[in-house]
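A short write-up of the structure that comes next.
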Amino acid sequence: MNLLKPPEPITLKKQSKDLSNEKDWKVDSLIAWFGNRLPSYLWKESGWSKPLKEQGFNWQSFLKILSLHKKDMISWSRDSITWNELLLKIEETLRDPTFKKILTG
């Protein structure tokens, strides 16, 4: 599976920061998932849907994978991990044969 490394969505990150000035993980969790903006960015705008569909993933299974990375997405929005670190963590899970089998059958 060949996933392109999309540019960091600085606007999404700034919007997350603007909405959350607190250190409340529950609020950050809601912000991370609000409108599925980050998942949509990766799936649609970054072109991940095509190679992932070829591997048997669909939008729902992709969202399940990203749900495993909720803390990572929050850490990225708080500048605790880099964009590349976030992408690597997601890609590792997508490549894991156990998750692939469970989510794609």
Side-chain angles (χ1 to χ4, degrees):
M1 172 176 11
N2 189 16
L3 297 175
L4 298 175
K5 297 243 190 270
E8 183 174 20
I10 302 296
T11 303
L12 290 179
K13 189 176 197 178
K14 183 183 179 323
Q15 289 170 348
S16 293
K17 285 181 180 181
D18 289 347
L19 290 172
S20 175
N21 290 327
E22 302 175 27
K23 295 295 179 194
D24 184 351
W25 282 82
K26 290 179 184 176
V27 171
D28 282 350
S29 178
L30 289 172
I31 292 168
W33 286 103
F34 180 71
N36 288 328
R37 291 181 299 188
L38 184 58
S40 292
Y41 173 75
L42 293 171
W43 183 259
K44 293 177 185 173
E45 297 168 45
S46 299
W48 281 21
S49 63
K50 184 176 179 184
L52 290 175
K53 284 179 182 178
E54 290 171 358
Q55 294 294 316
F57 290 96
N58 60 28
W59 172 244
Q60 290 77 20
S61 59
F62 181 63
L63 288 177
K64 287 178 185 176
I65 291 287
L66 288 186
S67 72
L68 300 171
H69 293 282
K70 176 173 61 176
K71 287 184 180 180
D72 297 324
M73 293 184 332
I74 293 168
S75 293
W76 165 73
S77 73
R78 292 181 173 183
D79 292 321
S80 298
I81 65 171
T82 67
W83 175 244
N84 284 334
E85 289 171 321
L86 173 62
L87 293 179
L88 286 172
K89 289 172 182 275
I90 295 169
E91 288 176 37
E92 286 174 10
T93 305
L94 287 166
R95 288 187 171 93
D96 186 302
T98 304
F99 288 114
K100 184 177 177 187
K101 183 172 179 143
I102 291 170
L103 293 172
T104 65

(Q) If you apply the rule side chain to side chain contact (heavy atoms under 4.5 Å, CB included), what do you find for Trp43 with Leu66, and how did you get there? (A) CA-CA 11 Å; Trp43 183 259; Leu66 288 186; over 6 Å; no
Q: Nearest 0.5 Å please: distance from the CZ atom of Phe62 over to the CG atom of Leu52.
A: 6.0 Å
Q) Are any side-chain N or O atoms of Ser40 and backbone N or O atoms of Arg37, one a donor and one an acceptor, separated by less than 3.5 Å? A) no
Q | ring-ring contact (aromatic ring centres under 6.0 Å, His included) partners of Phe57, counting only residues at least two apart | A | none
Q: Report the residues that fulfil side chain to side chain donor-acceptor pair (under 3.5 Å) with Asp79, sequence neighbours left out, ordered by chain and then residue number.
A: Lys13, Lys17
Q. Hey, what do you get for CD1 (Ile81) to CG (Leu86), rounding to the nearest 0.5 Å?
A. 5.0 Å
Enumerate, atom names and distances included, each donor-acceptor pair closer than 3.5 Å involving a side-chain atom of residues 87-95, sequence neighbours excluded.
unit_1	atom_1	unit_2	atom_2	d
Glu91	OE1	Arg95	NH1	3.2
Glu91	OE2	Lys5	NZ	3.2
Thr93	OG1	His69	NE2	2.6
Thr93	OG1	Lys89	O	3.2
Arg95	NH2	Met1	O	3.0

Q | side chain to side chain contact (heavy atoms under 4.5 Å, CB included) involving Thr11 - partner list, sequence neighbours excluded | A | Gln15
Q) Does some side-chain heavy atom of Leu42 sit less than 4.5 Å from a side-chain heavy atom of Pro6? A) yes
(Q) Quick check for you: to the nearest 0.5 Å, what is the distance between Leu38 atom CG and Glu45 atom CD? (A) 10.0 Å
(Q) How long is the straight-line distance from CG of Leu103 back to CD1 of Ile65, given to the nearest 0.5 Å? (A) 5.0 Å
Q: Could you pull out all residues at least two apart from Ser80 that satisfy side chain to side chain donor-acceptor pair (under 3.5 Å)?
A: none
Q. What distance do Leu68 atom CG and Asp96 atom CG have between them, rounded to the nearest 0.5 Å?
A. 10.0 Å
Q.
With ring pair (Phe, Tyr, Trp, His ring centres under 6.0 Å) as the rule and sequence neighbours excluded, what pairs involving residues 81-105 come up?
A. Trp76-Trp83
Q. Looking at residues at least two apart in the chain, or sitting in another chain, which of them share a side chain to side chain donor-acceptor pair (under 3.5 Å) with Asn58?
A. Ser61
(Q) Please list all pairs meeting side chain to side chain donor-acceptor pair (under 3.5 Å) that have one or both residues in residues 48-57, counting only residues at least two apart or in different chains. (A) Gln55-Lys100
